Number of protein chains: 2
Amino acid sequence: MADASLWTALADPHRRAIVALLLERPRPVGEIVEACGLSQPGTSKHLKVLREAGLVRVRQDAQRRVYALEPAPIAELDAWLAPYRKLWNRSLDALGRRLDETARETATREAPDDAPNDLEGPTTKD
Amino acid sequence: MADASLWTALADPHRRAIVALLLERPRPVGEIVEACGLSQPGTSKHLKVLREAGLVRVRQDAQRRVYALEPAPIAELDAWLAPYRKLWNRSLDALGRRLDETARETATREAPDDAPNDLEGPTTKD
DNA sequence: CAGGCATATAGCCAAAGAGGCATATTGCCT
DNA sequence: AGGCAATATGCCTCTTTGGCTATATGCCTG
């Protein structure tokens, strides 16, 4: 499943950095190499991983290869995340936790009928 | 930066499976072991990773340790995702919602017994 | 057609990670 | 106290992966 490679691809900080770079605008390899401070082959390898995960696409411009973000896989991530979003919305409400970029604050104080995830009790953390 | 460990934690399919399990409800270790078909120590190790990433919380109930999802880190993921969401929304608009149906397709689930379970959330496409 | 860029691939090494088994630890029960 | 049940840790192995250097490929230009 491509899902696996998606997570694997984004697991690496350098690759997330590259993805962030490409969010701003498409870029040729040289630029990416310079930005993330790796060797050119190393960067190329990361780009390969991103390519195979479908996260980026390449356009050839003479000798340059211009990489650009591919939106679909990230949408996939978003879809994966969806079920969890309602969970932390509930918690956010309960704990009064403030998160920077939620934008989902609908003030829906519905009482959870089953309340599957009550994380209370003596929380023994590590 | 808990971010790194967050991605690393979710990079593993077994750990994503565990997280999916805990989305339904909190569970003791034994149940998780059974569900993901790994050895008990192996499962425990995964739980440790999730714990250290802040993704789960433990409540001690007699000899049992009941694990539950911690919403905040997933919210963090959502925050990370936010800038990209704009991007693919744009594309979605441009492509005439073709991606939308891709993202909303439902996946078939199978009951995990001893097989490698893919109880990941709404696995999209493929 | 030779030369030079820009990028990809191949080969190699060290480090991390996932998995298993055996064992320690902790709490309950008799 | 002794034993069992549930979970965590240590240790070992094997595979994967990230990084590098060296080399191949493709494309443009003189």
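As the structure is a prediction and not an experimental result, all values here were calculated from the model. Naming convention: chains lettered A, B, ... in sequence-line order (proteins, then strands); numbering from 1 in each chain.
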How many whole angstroms separate atom [atom1] of [X] from atom [atom2] of [N]?
| X | N | atom1 | atom2 | result |
| --- | --- | --- | --- | --- |
| R51(A) | dA8(C) | CZ | P | 6 Å |
| E52(A) | dG18(D) | CD | P | 12 Å |
| L50(B) | dA18(C) | CG | P | 10 Å |
| K48(A) | dT7(C) | NZ | C1' | 13 Å |
| W7(B) | dA16(C) | CH2 | C1' | 20 Å |
| E34(B) | dT7(D) | CD | P | 11 Å |
| Q60(B) | dG27(C) | CD | C1' | 8 Å |
| L47(A) | dG18(D) | CG | P | 13 Å |

[X] vs [N]: side-chain N/O to OP1/OP2 distance below 4.0 Å:
| X | N | answer |
| --- | --- | --- |
| H46(B) | dG17(C) | no |
| R65(B) | dT7(D) | no |
| R15(B) | dA18(C) | yes |
| Y67(B) | dA8(D) | yes |
| S39(B) | dG19(C) | no |

**Request:** Check the angle between the aromatic planes of W7(A) and W7(B) and answer parallel, tilted or perpendicular using the 30° and 60° thresholds.
**Result:**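 W7(A) and W7(B): tilted rings.
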[X] side chain: which of [options] is closest?
| X | options | result |
| --- | --- | --- |
| K45(B) | dT7(C), dT7(D), dG19(C) | dG19(C) |
| R64(A) | dA6(C), dG17(C), dC11(D) | dA6(C) |
| S44(B) | dA6(D), dT9(D), dT7(C) | dT9(D) |
| L38(A) | dC20(D), dC28(C), dG26(D) | dC20(D) |
| Q63(B) | dT9(C), dC28(D), dA5(D) | dA5(D) |

**Prompt:** Using the C1' atoms of the five pairs at each end, what is the angle between the end axes of the helix from dC1(C)-dG30(D) to dT30(C)-dA1(D), to 10°?
**Reply:**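 The angle, to the nearest 10 degrees, is 10°.
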**Request:** Would you kindly compare A62(A) and T8(A) by the position of their nearest DNA chain D nucleotide and give the one closer to the 5′ end?
**Result:**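 Closer to the 5' end of DNA chain D: T8(A).
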**Message:** At 4.0 Å (heavy atoms only), tell me whether P28(B) reaches a base, stays on the sugar-phosphate, or touches nothing.
**Reply:**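 Sugar-phosphate: the residue P28(B), judged by heavy atoms under 4.0 Å, touches backbone atoms but no base.
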**Request:** Describe the nucleic acid contact of G30(A) in one word from base, sugar-phosphate, nothing, applying a heavy-atom distance below 4.0 Å.
**Result:**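 If one applies the 4.0 Å heavy-atom cut-off, G30(A) turns out to touch the sugar-phosphate alone, with no base involved.
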Which atom of [X] lies closest to which atom of [Y], heavy atoms considered:
| X | Y | result |
| --- | --- | --- |
| G54(B) | P73(B) | O-CG, 3.1 Å |
| V33(A) | S39(A) | CG1-C, 4.4 Å |
| D78(A) | R85(A) | OD1-NH2, 3.0 Å |
| T8(B) | R15(B) | O-NH2, 3.1 Å |
| L47(B) | V56(B) | O-CG2, 4.2 Å |

**Prompt:** Going by atom types only, do Y67(A) and R51(A) share a side-chain donor-acceptor pair under 3.5 Å?
**Reply:**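 Yes, R51(A) and Y67(A) have a side-chain donor paired with an acceptor closer than 3.5 Å.
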**Asked** Would you say the side-chain atoms of R27(B) pair up with the backbone N or O of L21(B), donor to acceptor, closer than 3.5 Å?
**Response**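 Pair found, side chain donor or acceptor close to backbone of L21(B).
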**Request:** Mark yes or no for a side-chain to base donor-acceptor pair under 3.5 Å between Q40(B) and dA8(D), with no hydrogen or angle criteria applied.
**Result:**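 Donor-acceptor pair under 3.5 Å: yes.
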